[in-house]
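Since the structure comes first, as structure tokens, the remarks are kept for the end.
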Amino acid sequence: GSRAVVTLTPRALVCPAGGTADVQVKVTDVNGNIMPAGTVVAFSTVSSGLVPFPVNPGSVKVNNVVLALAEPMVVPTYTVTVGCLGGGSGKFLVTVTTPARVETLDSIAIN
């Protein structure tokens, strides 16, 4: 199983109370290729306050990719929406787990 490289945009999330904020998540292997089919990319948050930051989607599963000869590989970027119910601060977390159970974690600050 390959270790993942996670790219999160933006690198710090401003979450307006009562609104939403989007995070762009791109996950590749160490060589810049799409992750193996069956890899699960899970999204979650932790909050410093009483009100959590819900996320949608909660996870995505990497599909098998079959390319034609000379067809370029496009690594998907996932858009995750974070609900900013009560404001406050916390962290947006990404956990990537390959079919071989290799796990990679990354996070960014919220507010």
Side-chain angles (χ1 to χ4, degrees):
S2 181
R3 192 147 179 79
V5 175
V6 179
T7 304
L8 300 168
T9 306
R11 282 302 305 167
L13 188 63
V14 176
C15 206
T20 61
D22 288 341
V23 181
Q24 304 297 315
V25 181
K26 185 175 183 179
V27 180
T28 65
D29 69 10
V30 294
N31 298 312
N33 298 315
I34 194 166
M35 293 299 291
T39 295
V40 175
V41 184
F43 312 110
S44 61
T45 60
V46 292
S47 172
S48 62
L50 298 174
V51 180
F53 296 97
V55 295
N56 185 32
S59 67
V60 293
K61 191 174 203 176
V62 177
N63 294 320
N64 189 36
V65 176
V66 178
L67 299 174
L69 187 62
E71 182 181 1
M73 178 178 36
V74 177
V75 177
T77 297
Y78 309 107
T79 299
V80 182
T81 301
V82 177
C84 311
L85 302 178
S89 62
K91 280 192 175 186
F92 174 79
L93 309 167
V94 178
T95 304
V96 181
T97 307
T98 68
R101 304 309 241 169
V102 176
E103 192 171 86
T104 304
L105 308 171
D106 199 0
S107 67
I108 56 173
I110 299 174
N111 288 2

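In this text, all values refer to a predicted model and were calculated from it rather than measured experimentally.
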Quiz prompt | D29 side chain to A4 backbone, donor-acceptor under 3.5 Å | solution = no

Quiz item: Is V60 reachable from V96 through a run of hydrophobic residues whose side-chain heavy atoms are each under 4.5 Å from the next?
Solution: yes

Exercise. Report the C-alpha separation of V75 and N33 in whole Å, then their side-chain angles, then the decisive distance to 0.1 Å, and conclude whether the side chain to side chain contact (heavy atoms under 4.5 Å, CB included) test is met.
Key: CA-CA 7 Å; V75 177; N33 298 315; 6.0 Å; no

Quiz item: So V80 and F92, side chain to side chain contact (heavy atoms under 4.5 Å, CB included) or not? Walk me through it.
Solution: CA-CA 10 Å; V80 182; F92 174 79; 3.8 Å; yes

Quiz prompt | Heavy-atom closest contact (L13 atom, A21 atom, distance) | solution = CD1-CB, 3.6 Å

Quiz item: In terms of hydrophobic clusters joined by side-chain contacts under 4.5 Å, are L85 and L93 together?
Solution: no

Quiz item: Are M35 and V5 co-members of a hydrophobic cluster defined by side-chain heavy atoms under 4.5 Å apart?
Solution: no

Quiz prompt | Partner of V41 by side-chain contact (heavy atoms from CB on, under 4.5 Å), out of T104, T95, T97, V94 | solution = V94

Quiz prompt | Beyond-backbone contact of V23 with V82, side-chain heavy atoms, under 4.5 angstrom | solution = yes

Quiz item: Are L8 and V40 connected in the hydrophobic side-chain network, where two residues link if heavy atoms are under 4.5 Å apart?
Solution: no

Quiz item: Which residues satisfy the side-chain hydrogen bond (donor to acceptor under 3.5 Å, both in side chains) test with T77, sequence neighbours excluded?
Solution: none

Exercise. Output every pair passing side-chain hydrogen bond (donor to acceptor under 3.5 Å, both in side chains) with a member in residues 10-26, not counting sequence neighbours, ordered by first then second residue.
Key: D22-T81, Q24-T79

Quiz prompt | Hydrophobic cluster membership, V74 vs V62, 4.5 Å side-chain cutoff | solution = no

